[in-house]
Amino acid sequence: MKILPEMKAKFLLIAVALLALPLFVACSSEEEEKPTILLADNQYESLWINNAVFKFVAENGYGYPVESVETTTPIAQVTLANGEVDIWIEIWPGNIIDWYNEELAKGTIEDLLNPPIFEGGPQFFMVPKWVAEQHNIQTIDDMKRPEVVALFPDPEDTSKGAFVNCPIGWQCAEINRAKLQAYGLSDLYNIQSGGTGAALDAALVGAQLRNEPVFGYYWAPTAIMGKYDWTIVEEPAYNAACWEEVIKGRDDASYTATEACAYEDNPVGKGINSGLREKAPDIVEMLEKMDMGVEVINKVAAWASDNDIQGDWEKAAIHFLETYEDRWTNWMPSDNADKVKEALAEMS
């Protein structure tokens, strides 16, 4: 049979298509097989916001599936170091300094601190501003005065006051216990530690809404600090020797530290398992530039509270991405940023 020129052209096109098919399938397979990025979720507001922003960007701008793993500080320490989670996007070194330094030295983790996720992580004891003003509460020693202790009665033991602490499982819960012991407050106040960050929020906000006194621990950036007026109770200034004593008390409940002091106001880093550089190098490159900022997170958290997002933190992430485009587009190449913008346009 004579093969006409036009038939030869068709055969050539088919052959080229067949040759290209494996390459197309390989590319598609490669796109589909991007590994899942696992985030530590220690169950509090600013971390939910940061995780949600990362998830939206990583999934829509880079094509990586992202999952959050609900955890506590001790578990996050173990799982970040052994690679069961890839990223702990808010790592507060001062609360876990011995572990932090040890794992950095071993090379199991990295902390992407230049820039940090936000510039300093203040932690403190506080009371409502109106309570401080009416009763002249300024320093930690003022919390020992009998008339002040009586302002914060423990409903289950009214002979003592109540201190609203971090959730059980957070390192700050044990640090605060040690500090209260050192300050001589543990005999005057019972410690109330809930199981979640939401329980801590509910105790503090509920008191503000009822116009009742409350004494407890908190930090920034958070919606609570932006929406309500608080007075931070003054403590002795941080110093390294004092903090060594606090850590001894943290690690041994039977040991009473000889002194205590305020938390160190450290930048909050972005902890990654070192294996992430091989697993997702482009994600690491983006994380190295990712910075949210205390005031920005405060504003996003306040927006989430005002708009009652009901725990749908993707809404907060979208609000951030739509409101602060000039900030996040600096984290990534323009083609990745364009993909994020396209995803945002589809959501609107």
Side-chain angles (χ1 to χ4, degrees), residues 33-59 62-114 116-118 121 123 165-176 193-200 219 247 250-251 263 266-288 290 292 297 311 313-314 317:
E33 290 176 3
K34 281 195 173 182
T36 299
I37 306 296
L38 299 174
L39 302 177
D41 175 7
N42 291 34
Q43 297 290 290
Y44 60 90
E45 184 179 60
S46 60
L47 184 59
W48 284 326
I49 291 169
N50 288 325
N51 277 355
V53 169
F54 173 86
K55 177 179 171 68
F56 195 97
V57 168
E59 290 187 339
Y62 289 81
Y64 287 87
V66 177
E67 294 180 8
S68 291
V69 180
E70 189 171 323
T71 188
T72 63
T73 299
I75 294 173
Q77 290 173 247
V78 173
T79 54
L80 184 70
N82 69 18
E84 291 180 38
V85 298
D86 299 299
I87 303 169
W88 187 355
I89 212 165
E90 280 188 32
I91 194 162
W92 296 59
N95 293 4
I96 47 175
I97 192 66
D98 293 337
W99 170 87
Y100 175 83
N101 287 333
E102 180 181 337
E103 296 302 328
L104 286 177
K106 287 161 58 177
T108 61
I109 70 168
E110 296 181 42
D111 191 359
L112 311 180
L113 265 170
N114 189 24
I117 193 70
F118 51 84
Q123 304 175 75
N165 199 12
C166 298
I168 297 166
W170 292 14
Q171 285 293 292
C172 51
E174 296 305 315
I175 289 172
N176 294 338
S193 292
T196 65
L200 173 61
W219 69 94
I247 296 305
R250 179 200 67 185
D251 295 338
Y263 283 88
N266 281 320
V268 175
K270 297 159 288 190
I272 65 168
N273 178 270
S274 298
L276 187 63
R277 285 195 177 274
E278 181 177 351
K279 179 177 179 178
D282 48 352
I283 288 293
V284 174
E285 185 177 348
M286 185 273 289
L287 270 173
E288 286 176 328
M290 183 177 178
M292 293 287 287
I297 298 174
W313 292 100
E314 183 180 65

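- Contact between Asn95 and Gln171 at its shortest, heavy atoms only, is O-CB, 3.8 Å.
- Residue Pro93 comes nearest to Pro267 through the heavy atom pair CD-O, 4.0 Å, listed as atom of the first residue, atom of the second, then distance.
- Put simply, the side chain of Ser193 gets close to the backbone of Cys166: a donor and an acceptor are under 3.5 Å apart.
- In terms of heavy-atom proximity, Pro167 sits nearest to Ala173 at O-CB, 3.6 Å.
- You'll find the side chain of Ile91 reaches within 4.5 Å of the side chain of Ile96, heavy atoms only.
- Judged as a ring-ring contact (aromatic ring centres under 6.0 Å, His included), and not counting sequence neighbours, the contacts of Trp170 are Tyr44, Trp219.
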Criterion side-chain contact (heavy atoms from CB on, under 4.5 Å) on Asn50 and Phe54, from CA distance to verdict: CA-CA 6 Å; Asn50 288 325; Phe54 173 86; over 6 Å; no

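- Here the straight-line distance linking atom CG of Asn51 with atom CG of Leu39 works out to 4.5 Å at 0.5 Å rounding.
- Expressed to the nearest 0.5 Å, how far OG1 of Thr79 lies from CG of Leu38 amounts to 9.5 Å.
- Considering only heavy atoms from C-beta on, Thr71 stays 4.5 Å or farther from Val85 through its side chain.
- Using a 3.5 Å distance cut-off with no hydrogens or angles, the side chains of Asp41 and Gln43 do pair a donor with an acceptor.
- Expressed to the nearest 0.5 Å, how far CG of Asn42 lies from CG of Leu47 amounts to 6.0 Å.
- Summarising the geometry of Ala199 relative to Gly194, their closest heavy-atom pair is CB-CA, 4.4 Å, with the distance given to 0.1 Å.
- Side-chain atoms of Glu59 come within 3.5 Å of backbone atoms of Val66 as a donor-acceptor pair (strictly under, hydrogens ignored).
- The CZ atom of Arg250 sits 6.0 Å away from the CG atom of Asp98 when rounded to the nearest 0.5 Å.
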Side-chain donor/acceptor pairs under 3.5 Å, residues 270-283, sequence neighbours excluded:
unit_1, atom_1, unit_2, atom_2, d
Lys270, NZ, Pro115, O, 2.7
Lys270, NZ, Leu287, O, 2.7
Lys270, NZ, Met290, O, 2.8
Asn273, OD1, Gly275, N, 2.8
Asn273, ND2, Leu80, O, 2.8
Asn273, ND2, Ala81, O, 3.3
Ser274, OG, Gly107, O, 2.6
Ser274, OG, Thr108, O, 3.2
Ser274, OG, Ile109, N, 3.4
Arg277, NE, Glu110, OE1, 3.0
Arg277, NE, Glu110, OE2, 3.0
Arg277, NH1, Glu288, OE2, 3.4
Arg277, NH2, Glu110, OE1, 3.0
Arg277, NH2, Glu288, OE2, 2.7
Lys279, NZ, Thr36, O, 2.9
Lys279, NZ, Asp86, OD1, 3.1
Lys279, NZ, Asp86, OD2, 2.8
Asp282, OD1, Tyr64, OH, 2.7

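- Looking at Cys172 and Trp92, their side chains never come closer than 4.5 Å, going by heavy atoms from C-beta outward.
- Taking each heavy atom of Pro35 and Pro65 in turn, the nearest pair found is O-CD, 3.7 Å.
- Interatomic distance, CH2 of Trp88 versus CD1 of Ile117, reported as 14.5 Å (0.5 Å rounding).
- For Trp99, the ring-ring contact (aromatic ring centres under 6.0 Å, His included) test picks out no residue, with sequence neighbours left out.
- A donor-acceptor pair is defined here as one N or O able to donate and one able to accept, closer than 3.5 Å; no such pair exists between the side chain of Lys55 and the backbone of Glu314.
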